[in-house]
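A quick write-up on the structure given underneath.
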Amino acid sequence: MDPMEGLRAAMASVEAYYKKQGIFQGRFGFGKRPALVVIDMAYGWTDPAYAGGSARLDSAIEAIRRLLVPARAKGVPIIYTTSPFQETPQLKSAADFSPGFRQWDRRACEIDERVRPAKSELIIEKEHASAFAGTALVGHLIGNQIDTLLITGCSTSACVRATATDAKSVQLRPIIVREAVQDRSDIAHEWTLFDIQARFADVIGLGEALNYLQSLPAKDKR
C-alpha cells in the first residue's frame, strides 16, 4: 500500500471512532480581533541549501504572501518568529551539522525576503518550538486584545503544532491556515493537521482565511 493511502485509511478510522464517541467535533471559529503569526519562515527552513531547509515550503510562502495583503490592509497585528543565531546550536534542530549542505549561519535565521516583514511588524526570536515558550508573544497579543491567532509557517509537526497547543492553553482561538503551513514530510504534515484539528485548533483553507480577513472592519474602526 502507498504510505499516503495507508495514512488516509488510518485517519478515516480514527475520525470514525471520534464521531462514534461524539468527541472532538467542535470548532473554535473566528473571533473579532485576530493576529497573524508567521512561524520560522527564515532561510534555514526555506532554502534547501541548508540541511534543514526544503523547497516544499514554497507553496506555504505563496499562501502567506496572499494573507499578508489583507492582514496589512486591515491593520491586523503580524508577528514573525525565527531562531536566534548561536555558534553552538541546540541538539535536534534544523541547525544540525550535515556534510554537503551550507553550514548554519546568521543568514539561516533571517526571514525569507519573499515574506519580508514590514518595519512596524514584530520579529520574535525563540529558542523552543512554541512561539509562546520563553517569549513576549502573549503580552503583545493581550496588549492588542487579540482573541484569534491565525497560524502559518513551519514546520507543521513541530513549531506550528506547539504554537497552536499553547494558543489554546491561553484561551485564544487557534486557527491554522492549511495552505500556509508546511513540513519536510508530507506524511508528518497531513497527520499533524488531522490531529491538531481534532484537539487543539481549527484547520481552514486559504480561501476561508482570506474571506475572514477581508470581512474585518477597516483598521481605523477596530
Side-chain angles (χ1 to χ4, degrees), residues 2-4 6-7 36-65 67-68 78-118 121-138 140 149 151-167 169 174 176-196 200-201:
D2 175 78
M4 189 55 68
L7 176 63
L36 173 66
V37 63
V38 181
I39 300 173
D40 295 353
M41 297 305 274
Y43 290 111
W45 290 265
T46 64
D47 184 352
Y50 297 95
S54 174
R56 284 177 52 84
L57 273 62
D58 287 353
S59 60
I61 283 177
E62 289 308 309
I64 292 169
R65 284 167 58 88
L67 289 167
L68 288 172
I78 299 170
I79 303 104
Y80 290 77
T81 73
T82 185
S83 294
F85 174 72
Q86 298 173 333
E87 295 289 349
T88 304
Q90 293 183 5
L91 292 174
K92 294 192 176 184
S93 75
D96 287 347
F97 174 74
S98 182
F101 290 91
R102 177 169 176 161
Q103 186 171 356
W104 195 260
D105 53 14
R106 294 187 185 279
R107 176 182 177 271
C109 300
E110 295 175 2
I111 305 298
D112 192 305
E113 64 180 3
R114 292 174 290 177
V115 287
R116 180 183 296 132
E121 292 165 357
L122 181 65
I123 302 176
I124 290 177
E125 291 187 339
K126 63 182 182 66
E127 296 184 352
H128 306 286
S130 171
F132 289 91
T135 76
L137 176 59
V138 72
H140 288 286
L149 190 62
I151 301 171
T152 70
C154 73
S155 61
T156 314
S157 59
C159 298
V160 169
R161 181 189 184 99
T163 298
T165 302
D166 282 356
S169 298
I176 296 170
V177 184
R178 171 179 281 276
E179 293 91 338
V181 296
Q182 195 47 266
D183 205 297
R184 300 174 189 91
S185 162
D186 196 26
I187 288 177
H189 173 72
E190 291 297 334
W191 168 256
T192 304
L193 287 179
F194 170 79
D195 195 47
I196 291 176
F200 300 113

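A quick note: this is a predicted structure, and the numbers were derived from the prediction, not measured. Along the sequence shown, the residues carry numbers beginning at 1.
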Can you check salt bridge (charged side-chain N to carboxylate O under 4.0 Å, His left out) on R102 and D47, steps first, answer last?
-> CA-CA 10 Å; R102 177 169 176 161; D47 184 352; 5.3 Å; no
Side chain of R161, backbone of I196: donor and acceptor closer than 3.5 Å?
-> no
Counting only heavy atoms not in R116, do more than 12 sit closer than 6.0 Å to its CZ atom?
-> no
Distance in Å, I64 CD1 paired with L57 CG, rounded so as to fall on 0.5 Å steps = 8.0 Å
Can you tell me if T152 uses its side chain to pair, donor with acceptor, with the backbone of A180 under 3.5 Å?
-> no
Kindly compute the distance separating NE2 (H128) from OG1 (T81), expressed to the nearest 0.5 Å.
-> 13.0 Å
If you measure from the Lys or Arg side-chain nitrogens to the Asp or Glu carboxylate oxygens, is any gap between R107 and D105 under 4.0 Å?
-> no
R65 with E62: basic N within carboxylate O range, under 4.0 Å | yes
Taking the side chain from D183 and the backbone from S157, do they hold a donor-acceptor pair closer than 3.5 Å?
-> yes
Euclidean distance, T135 OG1 relative to E125 CD, rounded to 0.5 Å = 11.5 Å
CD1 (I124) and NZ (K126) are apart, to the nearest 0.5 Å, by 10.0 Å
Apply salt bridge (charged side-chain N to carboxylate O under 4.0 Å, His left out) to the pair E190 and R178, showing each step before the final yes or no.
-> CA-CA 10 Å; E190 291 297 334; R178 171 179 281 276; 3.2 Å; yes
Main-chain N/O of M41 paired with T46 side-chain donor or acceptor, under 3.5 Å | no
Counting only N and O atoms by type, is there a donor-acceptor contact under 3.5 Å from the side chain of T156 to the main-chain atoms of Q182?
-> yes
